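What you see is a predicted model; the values in this text were computed from it and never measured.
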Protein chains: 2
Amino acid sequence: MKTSFIEDVKAKLKEKGYKLTTQRRVIIDVILENQGNHLSPEEIYSKVKDKYPEIGLATVYRTLQLLEELNVIYKLNFNDGCNRYEINSGNDYHHHHHLICLNCGKVIEVKLDLLEDLEEKIEKEGDFKIVDHNVKFFGYCNECKK
Amino acid sequence: MKTSFIEDVKAKLKEKGYKLTTQRRVIIDVILENQGNHLSPEEIYSKVKDKYPEIGLATVYRTLQLLEELNVIYKLNFNDGCNRYEINSGNDYHHHHHLICLNCGKVIEVKLDLLEDLEEKIEKEGDFKIVDHNVKFFGYCNECKK
DNA sequence: TAGTAAATTGATATTCATTCCATTTTTATC
DNA sequence: GATAAAAATGGAATGAATATCAATTTACTA
């Protein structure tokens, strides 16, 4: 797998009959340049406007939906009133998890992945085919826990 | 611990200087009568109106916030456009998790709790004091996976 | 290369959950 | 029962997200 991220997205778009337009390209660039920042649609819109001022907000929303559909990004929810997005960097579903500070709202990423056992157990017992999971831990970061 | 749920809530309210008003009481009743249903504010509002037609939607929102603050209920998010609430039945934070069917949207509860190891590891490595967690598994229920 | 159908875009209108605000009602206290 | 404080109210405001629609762009075909 030596294909670049953009090439990969382009292929996925083509596969479903979509095109990689300039607008979509700029949106993807912004997301790429802000990995780990969990941007909201509005934030993406504002950054995209710097590079492509004619773009409309609707296009940003549409493109985010499209990219989510293609599993290029996925939606996060930190209960702050808007959706946030993150690149789905791995080519399967085992992404990282989030620590959310209850005091300052900071979001820290964790790369541990000890959930296989749990998934296996649930699949056996529960008669449920697991495809993805989403784990959030709430607590206090090292600055706020004092 | 032989106190009833309502008594417990009443005590918690009093502790923080809040009162158990009729409206709050009715809202709590509705939540109690719908355990396991993950009601949204609108759904709660509609059911509460049957018992107490004069109540306003804002009151429902306010009460839900209040009850969440007191750890009597907690907020869930199933990406269906609204928040949903669930009773916090255990007296500490180790509640159950949810299986969400990607096809029919059904939500199934799981009681497993194998996350202690993971939390311990994160606390050691990450310099983060964990207070709560939230785990969702996405996949297909036994009816939809065929 | 011209012409046509399909996809995409951007501005605007709309929807819907949630919050805000001024007013009214309820509760507790003396 | 009078009074002050707290809580609840409806309606309006807000703000994120979606839908609408005419205009533009793109891909394809003759």
Side-chain angles (χ1 to χ4, degrees), chain A residues 9-31 38-70 72-85 105, chain B residues 9-30 38-70 72-85:
Chain A
V9 174
K10 200 170 173 180
K12 280 185 178 171
L13 283 167
K14 201 165 189 178
E15 201 180 312
K16 302 226 177 179
Y18 301 115
K19 295 154 199 165
L20 181 58
T21 61
T22 313
Q23 289 91 333
R24 287 175 181 169
R25 172 72 205 232
V26 174
I27 291 168
I28 294 167
D29 284 346
V30 164
I31 295 171
H38 313 116
L39 298 182
S40 68
E42 289 287 346
E43 287 165 356
I44 292 170
Y45 176 58
S46 135
K47 284 177 194 291
V48 165
K49 277 206 108 157
D50 294 344
K51 305 185 176 207
Y52 195 104
E54 318 90 285
I55 205 165
L57 179 58
T59 303
V60 173
Y61 274 100
R62 268 188 301 243
T63 302
L64 291 173
Q65 269 182 327
L66 183 58
L67 294 176
E68 207 197 353
E69 224 178 283
L70 299 173
V72 169
I73 58 175
Y74 53 89
K75 203 185 286 180
L76 302 170
N77 183 295
F78 298 136
N79 274 335
D80 65 345
C82 62
N83 288 324
R84 297 186 167 277
Y85 291 87
Chain B
V9 174
K10 201 171 172 180
K12 279 185 178 169
L13 284 166
K14 200 167 188 178
E15 200 180 312
K16 302 228 177 177
Y18 301 115
K19 294 157 200 165
L20 180 58
T21 61
T22 312
Q23 290 88 340
R24 288 174 181 170
R25 172 73 204 233
V26 174
I27 291 168
I28 294 167
D29 283 347
V30 164
H38 313 117
L39 299 183
S40 68
E42 288 285 347
E43 287 164 356
I44 293 170
Y45 176 59
S46 134
K47 284 177 194 289
V48 165
K49 278 206 110 160
D50 294 344
K51 306 184 175 209
Y52 195 105
E54 317 91 284
I55 205 164
L57 179 56
T59 303
V60 174
Y61 274 97
R62 268 187 299 247
T63 302
L64 291 173
Q65 270 182 326
L66 182 58
L67 293 176
E68 206 197 354
E69 225 177 283
L70 298 174
V72 169
I73 59 174
Y74 53 89
K75 204 186 283 179
L76 302 169
N77 183 292
F78 300 136
N79 273 338
D80 65 345
C82 63
N83 287 320
R84 297 186 169 276
Y85 290 87

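Rounded to an integer number of Å, the gap from B/L64 CG to C/dA17 P is 14 Å. The separation between B/N77 atom CG and C/dA17 atom P is 14 Å, rounded to whole Å. A straight line from CG of B/L76 to P of C/dA17 spans 17 Å, rounded to a whole angstrom. At whole-Å resolution of the value, OH in B/Y18 and P in C/dA28 are 16 Å apart. Rounded to an integer number of Å, the gap from CD1 of B/I27 to P of D/dA7 is 14 Å. Atom-to-atom, NZ of B/K14 to P of C/dA28 comes out at 9 Å; the value is rounded to the nearest Å. A/Q65 has its CD atom 13 Å from the P atom of C/dT8, to the nearest Å. Taking atom CD of B/E68 as the reference point, atom P of C/dT19 lies 10 Å away to the nearest angstrom.
At least one donor-acceptor pair closer than 3.5 Å links the side chain of B/R24 to the backbone N or O of B/K19.
For the OP1/OP2 pair of D/dA16 and a distance below 4.0 Å, the side-chain nitrogens and oxygens of A/N83 include no atom meeting the criterion. Residue A/T59 places at least one side-chain N or O closer than 4.0 Å to OP1 or OP2 of C/dG10.
Side chain of A/I55, nearest nucleotide from C/dG10, D/dA7, D/dA16: C/dG10. Closest to the side chain of A/Q23, out of C/dT8, C/dA17, C/dT9, is C/dT9. The side chain of B/P41 lies closest to C/dT18 when the candidates are D/dG11, C/dT18, D/dA16. Of the candidates D/dG11, D/dA19, C/dT18, D/dG11 carries the atom nearest the B/A58 side chain, counting heavy atoms from C-beta on. Nearest to the side chain of B/R24, among D/dA17, D/dA8, C/dT8, sits D/dA8.
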Could you list the donor-acceptor pairs under 3.5 angstrom formed between side-chain atoms of residues 76-85 of chain B and any protein atom two or more places apart in sequence or on another chain?
| residue | atom | partner | partner atom | Å |
| --- | --- | --- | --- | --- |
| B/N77 | OD1 | B/N79 | N | 2.9 |
| B/D80 | OD2 | B/R84 | NE | 2.8 |
| B/D80 | OD2 | B/R84 | NH2 | 3.1 |
| B/R84 | NH1 | B/H38 | O | 2.8 |
| B/R84 | NH1 | B/E43 | OE1 | 3.0 |

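Residues A/R62 and A/T59 have side chains in contact (heavy-atom distance under 4.5 Å, counting atoms from C-beta outward). Between B/K51 and B/D29 the shortest side-chain heavy-atom distance falls below 4.5 Å.
For the pair A/Y61 and A/E42, the tightest heavy-atom approach, listed with the atom from each and the gap, is OH-OE2, 4.4 Å.
Ranked by how close their nearest DNA chain C nucleotide is to the 5' end, B/Y61 and B/T21 are led by B/Y61. Position along DNA chain D of the nearest nucleotide to B/Y45 versus B/K19 favours B/K19 as the more 5'-ward residue.
Across all strands, A/Y52 comes closer than 4.0 Å only to sugar-phosphate atoms, never to a base (heavy-atom distances).
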